[in-house]
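These numbers come from the heavy atoms of this one structure, side chains and all, not from hydrogens, waters or symmetry mates. Not measured: the values here are computed from a predicted model. Protein chains get the first letters and strands the later ones, always in sequence-line order, with residue 1 at the start of each.
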There are 2 protein chains.
Amino acid sequence: MARKTGSHSEITGPRVRAAAERLFARQGYAAVSMRKIAAEVGVQAGALYLYTKDKQALLFDMMDAHMVSLLDAWQELDPGGDPMTRLEALVRFHIRFHMERQDAVFIAYMELRNLTPENYAAITARRKAYEQVVEGILSDGKASGAFAVEDAHLSAMAVIAMLTGVNTWYREGGRLSLERVEEIYWDMVRKSLVG
Amino acid sequence: MARKTGSHSEITGPRVRAAAERLFARQGYAAVSMRKIAAEVGVQAGALYLYTKDKQALLFDMMDAHMVSLLDAWQELDPGGDPMTRLEALVRFHIRFHMERQDAVFIAYMELRNLTPENYAAITARRKAYEQVVEGILSDGKASGAFAVEDAHLSAMAVIAMLTGVNTWYREGGRLSLERVEEIYWDMVRKSLVG
DNA sequence: AGATTATCTGAACATACGTTCATTTCAAGG
DNA sequence: CCTTGAAATGAACGTATGTTCAGATAATCT
């Protein structure tokens with residue numbers, strides 16, 4: 001047997017990426033074999049190499065796409081103007097964006113050490129870019145007197161860690177709606193940064 | 001060849017656990033083979049099984065020991081009394097304790113999915129116990145009016161995420177001393193929870 | 001000194017891995 | 001209807017995996 005009835009490149013390609021993302025998030029990159037991914041797609045392992053150079057590219061491409069998407073989405077949404085307004089927008093954006101991409105976020109945080117040195121450097125650069133978006137807002141707010149921030153970098157890291165942490169405990173249909181979570185987190189972030 | 005000169009169980013045992021912790025933290029459980037651990041210790045792979053039932057026990061035992069140590073250390077240090085005092089003690093304790101055990105903390109957060117279901121349940125129970133320590137302090141503070149907390153559980157998770165995040169960016173000998181970091185984080189946590 | 005026992009080796013086990021490739025099958029175009 | 005090429009198979013490759021175990025060795029005890 002070979003080519004399956006109804007098989008098509010434009011369908012299989014995305015399905016490979018989706019299966020890899022699901023499995024990497026649930027079991028970890030190192031624990032997921034190409035054969036497992038292929039089985040999830042309904043194909044033999046060899047066929048995956050029509051859609052990716054190798055296993056490493058599968059990981060890197062999804063991480064890079066995620067980071068680019070994060071940076072692009074914020075650039076689109078950034079209201080500009082005063083730091084308080086921008087930070088509120090960022091807090092709400094961050095929570096929403098990350099909650100809608102739980103698998104990709106999980107992978108972006110957990111699989112850094114499974115990247116080759118070159119790929120690691122590339123992803124790290126994107127991460128730093130996002131961190132500097134946050135740090136920039138805090139710096140502006142410090143300069144304008146809107147925020148009582150001692151160290152903009154430290155506070156940026158603290159805020160990001162706190163926000164991303166939502167992913168580890170929030171489950172849809174739980175006690176709190178995502179809007180409510182957004183509200184409370186923004187309240188905590190704001191208070192932690194003002195007088 | 002067989003038994004090495006100067007070989008001794010009380011020495012090799014801890015060295016196996018130390019090597020496993022180092023390697024699991026750096027490369028991930030799934031990516032570390034028993035042969036790699038053995039090589040780090042300077043022994044053949046088969047010898048490891050004198051000190052651990054299997055690879056899974058190596059992971060579980062170190063994670064469980066870490067969690068027990070965390071809970072015990074806090075119980076020892078808990079000053080009791082009013083929530084504000086207790087929370088400050090906890091914030092400083094958490095940062096210090098986690099910074100001194102970077103590898104163990106990393107593993108405790110990253111390798112949950114490589115535990116068997118039974119082991120996962122056991123570790124998760126310990127984690128929940130610690131989360132409830134924090135949540136308990138916030139609840140007390142809410143009841144006494146010391147904290148303006150809307151949802152004690154959510155705030156507890158936010159605080160823990162923020163504090164543990166220090167591990168991802170703080171490097172010894174950097175711009176800020178650990179005492180300074182403790183100070184600033186406590187300031188942020190306190191402000192985020194009051195008025 | 002000789003016997004005992006804890007400690008470790010080295011080979012073996014079945015199984016799985018990522019990747020390549022000749023071959024086969026199906027869908028589409030003329 | 002026949003040709004062409006994209007899409008997938010399935011077998012093969014060398015290597016690595018966790019774990020077991022009979023045998024070898026050095027430290028300890030009598």
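Neither OP1 nor OP2 of dA16(D) sits under 4.0 Å from any side-chain N or O of S33(B). At dC8(C), one or more side-chain N or O atoms of Y51(B) fall inside 4.0 Å of OP1 or OP2 (strictly under the cut-off). The shortest distance between the side-chain N/O atoms of T12(B) and the OP1/OP2 oxygens of dT7(C) is not below 4.0 Å.
Distance, Y29(A) OH to dG18(C) C1': 9 Å, rounded to whole Å. I37(A) places its CD1 atom 8 Å from the P atom of dG18(C), with the value rounded to the nearest Å. If you measure from atom CD1 of I11(A) to atom C1' of dA8(D), you get 14 Å, rounded to the nearest angstrom. As rounded to whole Å, 12 Å separates atom C1' of dT20(C) from atom CE of M34(A). Here dT9(D) presents its P atom at 14 Å from OH of Y49(A), a figure rounded to the nearest Å. Distance, Q44(B) CD to dG18(D) C1': 15 Å, rounded to whole Å. Between the C1' atom of dT19(C) and the CG atom of L48(A) lies a distance of 11 Å, rounded to the nearest Å.
The side chain of L50(A) sits closest to dA8(D) out of dG10(C), dT19(C), dA8(D). For K55(A), taking side-chain heavy atoms from C-beta onward, the closest of the listed nucleotides dT9(C), dG18(D), dT19(C) is dT19(C). Nearest nucleotide to the side chain of R35(B), out of dT19(D), dC17(C), dT20(C): dT19(D).
Other residues, nucleotides and ligands contribute more than 12 heavy atoms inside 6.0 Å of the OH atom of Y170(A).
Ion pairing between a basic and an acidic side chain is recognised when a charged N comes within 4.0 Å of a carboxylate O; R92(A) and E88(A) show such pairing. Contact check on R175(A) versus D151(B) returns a salt bridge, with a Lys/Arg side-chain nitrogen under 4.0 Å from an Asp/Glu carboxylate oxygen.
For T164(A), the side chain to side chain donor-acceptor pair (under 3.5 Å) criterion is met by H94(A), Y109(A), not counting sequence neighbours.
Comparing A45(B) and K36(A), the nucleotide of DNA chain C nearest to each residue sits closer to the 5' end for A45(B).
Within the nucleic acid shown, V41(B) has no heavy atom closer than 4.0 Å to any nucleic acid atom.
Summarising the geometry, atom CZ belonging to F93(A) is positioned 5.0 Å from atom CG belonging to L70(A); distances are rounded to the nearest 0.5 Å.
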